[in-house]
Colleague: 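Pasting a structure here, questions to come.
Along the sequence shown, residues are numbered consecutively beginning with 1.
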Amino acid sequence: MRLAFRALGGAAGVAWRESFPLGGRDVARWFPGHMAKGLKKMQSSLKLVDCIIEVHDARISFSGGRNPLFQETLGLKPHVLVLNKMDLADLKEQQKIIQHLEGEGLKNVVFTNCLQDENVKQIIPTVTRLVGSSCRYHRGERLEYCAMVIGIPNVGKSSLINALRRQHLRKGKATRVGGEPGITRAVMSRIQVCERPLMFLLDTPGVLAPRIESVEMGLKLALCGTVLDHLVGEETLADYLLCTLNRHRLFGYVRHYGLGGACDDIASLLKQVAVRLGKTQKVKVLTGTGDVNVIQPNYPAAARDFLQTFRRGLLGPVMLDRDVLQRSPVAEP
């Protein structure tokens, strides 16, 4: 999807956009066959597990498309919500985030960074405590624990399993990980992550809700890499990212790309990024005297670099659900 560039009055000092224009945009649907198949297999495997470990992205703690199809199931099994990628999230108001989630009935929340194993050590004791104080539903005679790891795509489910194995078994990777959604496509065999207590985890494919609730939620999901960029459009997504960063006064992109200042015009930003990175392309232009090769900025390539730079945390930590938190009663002074 090509972005129709608009003049947004992008000079520094001009008021930033306080909202992103959503009119006329459709909500992306991304529920491939492997998701439907995986969901059925996960539901049929629930009788084999003692606990649900739901992994989510800490940057979208509230409006991140947590699959409502699991809500009935979560009431039957002990449930731990792991907010991963905490190193990429602005957690200055972490206590308010926890209070907001507790208000939604989520009592066991753990923030983690699975790449550096930060806070991962809390997972096994939390699961052990919850299972020990609950009915095990036909698994009471089993000595080992078994938990199912669920969540939307690309939030770090496989990374969490590998981090637990590193900490408790001193073993390497058991599951493949990647930087885009769709790496895990099937419910796998049980994976041991701890010896004492003996604990196994089931890795599962990322499953989105069949329909994303709103356009803005879809944009947030795409920014975090849980929806493929081309379903939204790289340049549209880059524009939403620019609007979000400016609205929250996060100008790390200026320093990262060595720009002269912040701006609110995505066309201007992508042009500067493309020139800085040498992402240009030759375009033939028909003139009255024949074809002429003109060097133009490669806007899609610049948009992709802008998005990937954000996802790697190089533009600084961000809380994409800050507006939700500010509207929450617990966020009031």
Colleague: Taking the six-membered ring for Trp, are Tyr240 and Phe20 parallel (under 30°), tilted (30 to 60°) or perpendicular (over 60°)?
Modeller: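 It falls in the perpendicular class, over 60°.
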Colleague: So, does Asn119 use its side chain to make a donor-acceptor pair with the main chain of Phe111 at under 3.5 Å?
Modeller: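 Judged by distance alone, yes, a pair lies under 3.5 Å.
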Colleague: Would you say Arg247 and Asp323 make side-chain contact, with heavy atoms under 4.5 Å?
Modeller: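 Side chain of Arg247 against side chain of Asp323, heavy atoms only: contact under 4.5 Å found.
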Colleague: Could you measure the distance from the CZ atom of Phe306 to the OH atom of Tyr253? Nearest 0.5 Å is fine.
Modeller: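 The CZ atom of Phe306 sits 7.0 Å away from the OH atom of Tyr253.
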Colleague: Hydrophobic clustering (ILVMFWY, side-chain heavy atoms < 4.5 Å, transitive) - are Leu228 and Leu221 grouped together?
Modeller: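 Hydrophobic grouping puts Leu221 with Leu228.
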Colleague: How long is the straight-line distance from CG of Leu101 back to CZ of Phe62, given to the nearest 0.5 Å?
Modeller: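 Atom-to-atom, Phe62:CZ and Leu101:CG are 5.0 Å apart.
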Colleague: Checking side chain to side chain contact (heavy atoms under 4.5 Å, CB included) between Val127 and each of Asp50, Ile52, Val80, which is the one that passes?
Modeller: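 Of the listed options, the one satisfying the test is Val80.
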Colleague: Step through the shown structure and confirm whether more than 12 heavy atoms of other residues, nucleotides or ligands are within 6.0 Å of NZ on Lys92.
Modeller: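 Atom NZ in Lys92 is not crowded, with 12 or fewer foreign heavy atoms closer than 6.0 Å.
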Colleague: State whether Asp265 and Lys271 are salt-bridged, where the test is any N-O pair (Lys NZ or Arg NE/NH1/NH2 against Asp/Glu carboxylate O) under 4.0 Å.
Modeller: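 No.
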Colleague: Roughly how far apart are Thr280 OG1 and Gln296 CD, rounded to 0.5 Å?
Modeller: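 Thr280 OG1 to Gln296 CD: 10.0 Å, rounded to 0.5 Å.
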Colleague: Decide whether Val215 and Leu242 are clustered together by the hydrophobic rule: side chain heavy atoms of Ile, Leu, Val, Met, Phe, Trp, Tyr closer than 4.5 Å, transitively.
Modeller: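 In one cluster: yes.
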Colleague: Could you check whether any side-chain heavy atom of Leu202 comes within less than 4.5 Å of a side-chain heavy atom of Ile191, counting everything from C-beta outward?
Modeller: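 Sidechains of Ile191 and Leu202: no contact.
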Colleague: side-chain hydrogen bond (donor to acceptor under 3.5 Å, both in side chains) for Glu54 and His79? Distances and angles first, verdict last.
Modeller: CA-CA 7 Å; Glu54 182 180 8; His79 176 221; 2.9 Å; yes
Colleague: Quick one, Arg190 with Glu144, criterion salt bridge (charged side-chain N to carboxylate O under 4.0 Å, His left out). Give me CA distance, side-chain angles, the key distance, then yes/no.
Modeller: CA-CA 12 Å; Arg190 299 195 312 170; Glu144 81 279 0; 3.3 Å; yes
Colleague: Heavy-atom distance under 4.5 Å between the side chains of Lys77 and Met148, does that happen here?
Modeller: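 No - every pair of side-chain heavy atoms lies 4.5 Å or more apart.
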Colleague: Quick one, Asp90 and Arg322 - any side-chain contact, counting heavy atoms below 4.5 Å?
Modeller: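 In contact.
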Colleague: Is the backbone of Ala301 close enough, under 3.5 Å, to the side chain of Asn298 for a donor and an acceptor to pair up by distance?
Modeller: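 Yes; judged by distance alone, with no hydrogens or angles, the pair exists.
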Colleague: With distance as the sole test, does Thr226 use its side chain to make a donor-acceptor pair with the main-chain N or O of Ile152 at under 3.5 Å?
Modeller: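 It does not hold such a pair.
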Colleague: Distance-only, no hydrogens or angles: does the Asp321 side chain make a donor-acceptor pair with backbone N or O of Ser61 under 3.5 Å?
Modeller: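 A pair under 3.5 Å: yes.
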Colleague: So how far is it from Leu160 CG to Arg165 CZ, rounded to the nearest 0.5 Å?
Modeller: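 Between atom CG of Leu160 and atom CZ of Arg165 there are 12.5 Å.
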Colleague: Cation-pi check for Tyr257 against Arg276: NZ or CZ below 6.0 Å from the six-membered ring centre and within 45 degrees of the axis, yes or no?
Modeller: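 So Arg276 doesn't make the cation-pi contact.
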Colleague: Between Leu83 and Thr112, is there a side-chain heavy-atom distance shorter than 4.5 Å?
Modeller: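 Heavy-atom side-chain distance check fails, nothing below 4.5 Å.
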Colleague: Report, as yes or no, whether the 6.0 Å neighbourhood of atom CZ on Arg255 holds more than 12 heavy atoms from other residues, nucleotides or ligands.
Modeller: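 No.
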Colleague: Roughly how far apart are Leu241 CG and Ile266 CD1, rounded to 0.5 Å?
Modeller: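 So the gap between those two atoms works out to 7.5 Å.
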Colleague: Could you tell me whether Glu235 and Arg304 have a side-chain N and a carboxylate O separated by less than 4.0 Å?
Modeller: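 No, this pair does not count.
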Colleague: Flag the pair Arg311 and Asp57 as a salt bridge only when some basic side-chain nitrogen lies within less than 4.0 angstrom of an acidic carboxylate oxygen.
Modeller: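 Looking at Asp57 together with Arg311, the answer is no, because their closest N to O distance does not fall below 4.0 Å.
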Colleague: Tell me, do Ile97 and Met319 make a side-chain contact under 4.5 Å, heavy atoms counted?
Modeller: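 A side-chain contact exists here, since the closest heavy-atom pair is under 4.5 Å.
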Colleague: When clusters are formed by joining ILVMFWY residues with side-chain heavy atoms under 4.5 Å apart, either directly or through shared neighbours, do Trp16 and Leu250 land in the same one?
Modeller: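 Yes.
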Colleague: Do the side chain of Arg59 and the main chain of Leu88 share a donor and acceptor less than 3.5 angstrom apart?
Modeller: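 Side chain of Arg59 to backbone of Leu88, a donor-acceptor pair under 3.5 Å: no, none is there.
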Colleague: Closer than 3.5 angstrom, by distance alone: can the side chain of Asp264 be matched with the main-chain N or O of Arg17 as a donor-acceptor pair?
Modeller: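 Flag set: sc Asp264 to bb Arg17 pair under 3.5 Å.
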Colleague: Can you tell me how far apart SG (Cys224) and CD1 (Ile60) are? Round to the nearest 0.5 Å.
Modeller: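 If I round to the nearest 0.5 Å, the distance is 4.0 Å.
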Colleague: Is it true that a side-chain atom of Asn246 and a backbone atom of Cys263 form a donor plus acceptor pair closer than 3.5 Å?
Modeller: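 Judged by distance alone, yes, a pair lies under 3.5 Å.
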Colleague: Which heavy atom in Ala222 sits nearest to a heavy atom in Val232, and how many Å separate them?
Modeller: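 Distance-wise, the nearest heavy atoms are CB-CG2, 3.8 Å.
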Colleague: Any heavy-atom pair between the side chains of His168 and Ile124 that's under 4.5 Å?
Modeller: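 Ile124 reaches His168 side chain to side chain.
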Colleague: Counting N and O atoms only, with roles assigned by atom type, does the side chain of Asn84 sit under 3.5 Å from a partner on the main chain of Cys114, one being a donor and the other an acceptor?
Modeller: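 Yes, the answer is positive, given that a donor and an acceptor are paired below the 3.5 Å cut-off.
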Colleague: Between Asn154 and Gly225 (side chain of the first, backbone of the second, donor and acceptor by atom type, cut-off under 3.5 Å), is there such a pair?
Modeller: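 Side chain of Asn154 to backbone of Gly225, a donor-acceptor pair under 3.5 Å: yes, one is there.
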Colleague: Assess whether atom CZ of Arg249 is packed by more than 12 heavy atoms of other residues, nucleotides or ligands within 6.0 Å.
Modeller: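 Atom CZ in Arg249 is crowded, with more than 12 foreign heavy atoms closer than 6.0 Å.
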Colleague: Between Leu223 and Phe251, is there a shared hydrophobic cluster once you connect ILVMFWY residues whose side-chain heavy atoms come closer than 4.5 Å?
Modeller: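 In one cluster: yes.
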Colleague: Under 3.5 Å, is there a donor-acceptor pair between the side chain of Lys157 and the main chain of Pro205?
Modeller: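 No, Lys157 side chain to Pro205 backbone: no donor-acceptor pair under 3.5 Å.
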